[in-house]
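Please read the structure below before turning to the comments.
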Amino acid sequence: MNERYEPKEIEGKWQERWERGQLFKTKNDAPGEKFYLLEMFPYPSGKLHMGHVRNYSIGDVQARFLRMRGYNVLHPMGWDAFGLPAENAAIKHGARPDLWTHGNIDEMRAQLKTLGFSYDWDREIAMCDPEVYRWTQWIFVQFFKAGLAYKKKNPVNWCPDCETVLANEQVVDGKCERCGTEVGKRDLDQWYLAITQYAQRLLDDIDEKLGGWPDNVKLMQKNWIGRSTGAEVDFEIEGFGEKLSIFTTRPDTLYGVTYMVLAPEHPFVGPLTEGTEYEGAVAAFKEKLQYYSDIDRASLTLEKEGLYIGRTAVNPLNGAHVPVYIANYVLMDYGTGAIMAVPAHDQRDFEFAQKYGLPVVPVVDPGRGDLDLDNLSEAFVAEGTMIHSAQFDGLNNKDAIRQITDFVEESGYGKATVNFRLRDWLISRQRYWGTPIPMLYCEKCGWVPEKEENLPVLLPEDVQFTGKGSSPLTTSETFLHAACPVCGGPAEREVDTMDTFLDSSWYFLRYTDARNDERIFSDEAVRKWMPVDQYIGGVEHAILHLLYARFFTKFLCDIGFSPVDEPFTNLLTQGMVIKDGKKMSKSLGNVVSPEEIIEKYGADTARLFILFASPPEKELEWSDTGVEGSYRFLGRVWRLVRAALEMEGGAAGAGSGDAEKELLYALNATIKKVTSDVGGRMQFNTAISSIMELVNAAYRYRDGGDPDGALLRGVCEKLILLLSPFAPHICEEMWEAYGHEGSVLREAWPEYDEDALALDMEEVALQVNGKVRGKAVVPAGLDAAALAAHAQGLPEVQALLEGKTVVKVIGVPGRLVNIVIQ
RNA sequence: GCCGGCGUGGCGGAAUUGGCAGACGCGCCGGACUCAAAAUCCGGUGAUGGCGACAUCGUAUCGGUUCGACCCCGAUCGCCGGUACCA
């Protein structure tokens, strides 16, 4: 063993040995219970950032710990390799997206290896490889066959100057991110996946099956799915053939309807106003609104604005005639695109009614004297008693919801119904660097999928990256035209590619059988490994990625390909890495690159610091002096281990004194703590701190009276094993120095000895009326009553109680005695 | 606005079930080693008062429950995240 800890000499050596010895390779038939441990795969931007290091350090500690505990661990890594940056590189520098991406992958893979992460690289996948996206296409075809993929017109952001489609993120203040031109809209025919058909199951299973997920993530998913129950009620429009259907969650307020509102895009608006004096005004209103909706309609709280369209609707319950409006606050894509307006009990309707002088009819009485129902200053939305509502008067409005809904159903005016906020998933992207959508359009047969045996539909290489036009695939001569898979006639291929979220929705299934070229994965492999037992990644994926992955898994389960319908049993969302209180970013100039830290201190220090500084789910504040501290700690371990190696075996009779007992106590307490912190709570910061305490205790022992070298070496060996998941390289080196041949990874995780933790005497706090007044040493293991009784006999207690009357004595075993005096 | 979460020394954080607040680390102060420095090792470090043993205060603020509250309950303030005309 070198005198000094030199990470540079050690780390490369062990990384090479691990690779040569195939230490991280996972065999399906290896002994031990299976454990599928997965960290979210990265986009291959070219460089790892600290967020990656954190994510993968957390995962690697788990992986190594579980292997030592005898699990057969699947710990794979791959690349979320499709995406815009590669395409931008092609447009700007003429790079080939595939070569650019693979170059980045090579760099990042090398970086991951220098951090010593224990991935089974034989299962590595990149979603941009034809052998992989072949199966992304295959899944799409299955969706299509199941009737869950369909085409629909949808407006996209269109920059008239760049002549291209822009993602919402590329539209800044209504202008094109690249050229600053005002962005317009264009209707395009686009592919959708019918995730809404899974809405109820996705919602129900959050409570049923996701017990191992954090509550905040579950809540976010629930809100995103956004189920609300209510009723659809049909209103007649005077002089118009069709009934207007509205959705409401407040059927109890039906008697308070004073007007109706349609979304401006509602299909009835045209027919209702055509040829009337209102036609021009309606067109102008829609024109204006379209402009607003371009400019981040979501981020503005627009003032409510509307227009009377010259029509009257009839309330089926009380026959009241109310005016019909169109307004900007009613959205076409929620509910039925039309609402009944109850200004007395809905704040939005209230504001609109105030502005346009519409009547306010209260139907729920709060029963509060201080509220003048005829002169409301805002809508009353809380609970109350029904009024002005015919036979329902006097009911509590909560009960009235059900009763009026029943009445509406019985009378044929409408039906009880459920609405979801969740929309179908638009997956078409007018981009090159994504999975081609394997569909063709034939004049005769319509939209048909490519035959499965012909997959993958390859991305063409004869494409021009001009940054203009709809999809770059339209510029390929070889791609566009093909034979119809059904009739053999001329057909045109779909030129759009898929949203990259489809790739990440199933990649974890492919790892189970990454090299299968006949099937998406074998039944046997997927049954062996799924579900993922522990998934780790950033909370920013709490909604979309995780929801889509759940949706895919449910679908693949339904068609008999996945053995489970929830992919991730346990989820850990790790916090961001920040510096000076802010997210690390180039523009703030506060980025710390992993490379420079590894260069200076080595991978073990980087891993140790990042795990020690903060519990995993919290933000981590980067601290240069903290890194220094972790490095110092590893040096301290190194010197301790080395010193123990050179110590004498100890005098006869040594090894059983108080100092030895104390050291062994510290050792076993640490084993217990680290085991539960890593294996149970996943609090790596406290696991590391307890290892630090053990090291401090070992130093104390060494510097004490008559240390026994053999005993200390024994403690050091356990210490090495405990530390090895966090800082594997240094531990391998020390393990070798202690004369062991194999890797620490092949060693069993240390067990603790209950006996060593059992003490004869223990210290408890003495409290008087809940305030600590002293300490006492008492026999260990007394129960509450015995402890209380024992304490009263102690001289130090007697001293505290002089002249006082004892009311009660409470003993808490192992902790304290509290004496309550008058 | 609505829905979550959080608030503990100079700093990151610990306290696992209502039971000794501040583990561990950083920083700072002091000491040892050294011609000196670095490195290393040892000691101290919530605040106030006291030479001192010790006392009082202290987990955002105010109040409550309890023998006992960072932890439970109520109100308030602040920060962070999600979401936003969802009828």
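The model shown is predicted, which means the values in this text are computed figures rather than measured ones. Sequence lines set the chain letters: A, B, ... in the order given, protein chains first and strands last, and positions in each chain run from 1.
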query = When only distance counts, do a donor and an acceptor, one from the side chain of Arg348(A) and one from the base of C86(B), lie under 3.5 Å apart?
reply =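 Looking at the base of C86(B), it does not pair with any donor or acceptor on the side chain of Arg348(A) (distance under 3.5 Å).
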
ask   = Can you find an N or O donor on one side and an acceptor on the other, under 3.5 Å apart, linking the side chain of Lys775(A) with the base of C20(B)?
value =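 Yes, a donor-acceptor pair under 3.5 Å.
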
Within-4.5 Å side-chain heavy-atom neighbours: Tyr329(A) and Ile339(A) =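 Yes. Closest side-chain heavy atoms under 4.5 Å.
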
When all nucleic acid strands are considered with a 4.0 Å heavy-atom cut-off, which category describes [X]: base, sugar-phosphate, or nothing?
| X | value |
| --- | --- |
| Leu219(A) | sugar-phosphate |
| Glu619(A) | sugar-phosphate |
| Arg700(A) | nothing |
| Gly226(A) | nothing |
| Asn685(A) | sugar-phosphate |
| Val812(A) | base |

Would you mind reading off the distance between [X] atom [atom1] and [N] atom [atom2], rounded to a whole angstrom?
| X | N | atom1 | atom2 | answer |
| --- | --- | --- | --- | --- |
| Arg681(A) | U17(B) | CZ | C1' | 13 Å |
| Ile543(A) | G4(B) | CD1 | C1' | 12 Å |
| Ile688(A) | G25(B) | CD1 | C1' | 11 Å |
| Lys618(A) | C80(B) | NZ | P | 15 Å |
| Met220(A) | G5(B) | CE | C1' | 9 Å |
| Leu331(A) | A84(B) | CG | P | 11 Å |
| Asp215(A) | G81(B) | CG | P | 20 Å |
| Leu634(A) | A39(B) | CG | P | 17 Å |

Can you find a side chain N or O atom of [X] that sits less than 4.0 Å from OP1 or OP2 on [N]?
| X | N | value |
| --- | --- | --- |
| Gln347(A) | C85(B) | no |
| Arg639(A) | C41(B) | yes |
| Ser614(A) | G13(B) | yes |
| Arg421(A) | C3(B) | no |

Select one nucleotide: of [options], the one nearest the side-chain heavy atoms of [X].
| X | options | result |
| --- | --- | --- |
| Lys771(A) | A14(B), C67(B), C57(B) | C57(B) |
| Asn696(A) | U83(B), G25(B), A14(B) | G25(B) |
| Thr686(A) | C86(B), A15(B), C20(B) | A15(B) |
| Lys304(A) | G12(B), C26(B), C85(B) | C85(B) |
| Arg773(A) | U56(B), A23(B), C41(B) | U56(B) |
| Ala613(A) | G12(B), A87(B), C24(B) | G12(B) |
| Thr625(A) | C26(B), U83(B), U16(B) | C26(B) |
| Arg815(A) | C20(B), G12(B), G13(B) | C20(B) |
| Asn818(A) | A87(B), G19(B), G13(B) | G19(B) |
| Pro615(A) | G13(B), C86(B), A87(B) | G13(B) |

task = Would you check if the distance from the ring center of Phe609(A) to the ring center of Tyr601(A) is below 6.0 Å?
result =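 No - the distance between ring centres of Phe609(A) and Tyr601(A) does not fall below the 6.0 Å cut-off.
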
query = Looking at Tyr308(A) versus Tyr356(A), is the centre-to-centre ring distance below 6.0 Å?
reply =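 Centroid separation for Tyr308(A) and Tyr356(A): 6.0 Å or greater.
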
request  = Under the ring pair (Phe, Tyr, Trp, His ring centres under 6.0 Å) rule, what do Phe633(A) and Phe612(A) come out as? Steps first, then yes or no, please.
outcome  = CA-CA 11 Å; Phe633(A) 170 70; Phe612(A) 176 61; 8.2 Å; no

[N] to [M] separation - [atom1] atoms, rounded to the nearest Å:
| N | M | atom1 | result |
| --- | --- | --- | --- |
| G82(B) | A23(B) | P | 34 Å |
| U76(B) | C29(B) | P | 45 Å |
| G74(B) | C6(B) | P | 15 Å |
| C42(B) | U56(B) | P | 35 Å |
| A36(B) | G31(B) | P | 13 Å |
| G44(B) | G10(B) | C1' | 16 Å |
| U66(B) | G13(B) | P | 35 Å |
| G1(B) | C70(B) | C1' | 31 Å |

Between [X] and [Y], do the side chains contain an N or O donor and an N or O acceptor separated by less than 3.5 Å?
| X | Y | answer |
| --- | --- | --- |
| Asn2(A) | Arg642(A) | no |
| Tyr255(A) | Asn315(A) | no |
| Ser228(A) | Asn419(A) | no |

Tell me the partner of [N], counting only Watson-Crick (N1-N3 plus N6-O4 or O6-N4) or G-U wobble (N1-O2 and O6-N3) with both under 3.5 Å; none if nothing fits.
| N | answer |
| --- | --- |
| C72(B) | G64(B) |
| C2(B) | G82(B) |
| A32(B) | U40(B) |
| C57(B) | G46(B) |

key: Asp346(A)/Arg250(A) salt bridge by N-O under 4.0 Å criterion   =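 Answer for the salt bridge query: no.
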
message = Classify the ring geometry of Trp425(A) against Tyr548(A): parallel below 30°, tilted from 30° to 60°, perpendicular beyond 60°.
response =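 The rings of Trp425(A) and Tyr548(A) lie parallel, inter-plane angle below 30°.
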
key: Comparing Ile819(A) and Ser228(A) on RNA chain B - which has the more 5′ nearest nucleotide   =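 The residue closer to the strand's 5' end, by nearest nucleotide, is Ile819(A).
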
message = For Asn223(A) and Phe420(A), find the nucleotide of RNA chain B closest to each by heavy atoms; which residue's nucleotide sits nearer the 5' end?
response =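 Of the two residues, Asn223(A) wins.
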
request  = Could you tell me whether G44(B) is syn or anti, where syn means a glycosidic angle within 90 degrees of zero?
outcome  =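 With its glycosidic angle more than 90° from zero, G44(B) counts as anti.
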
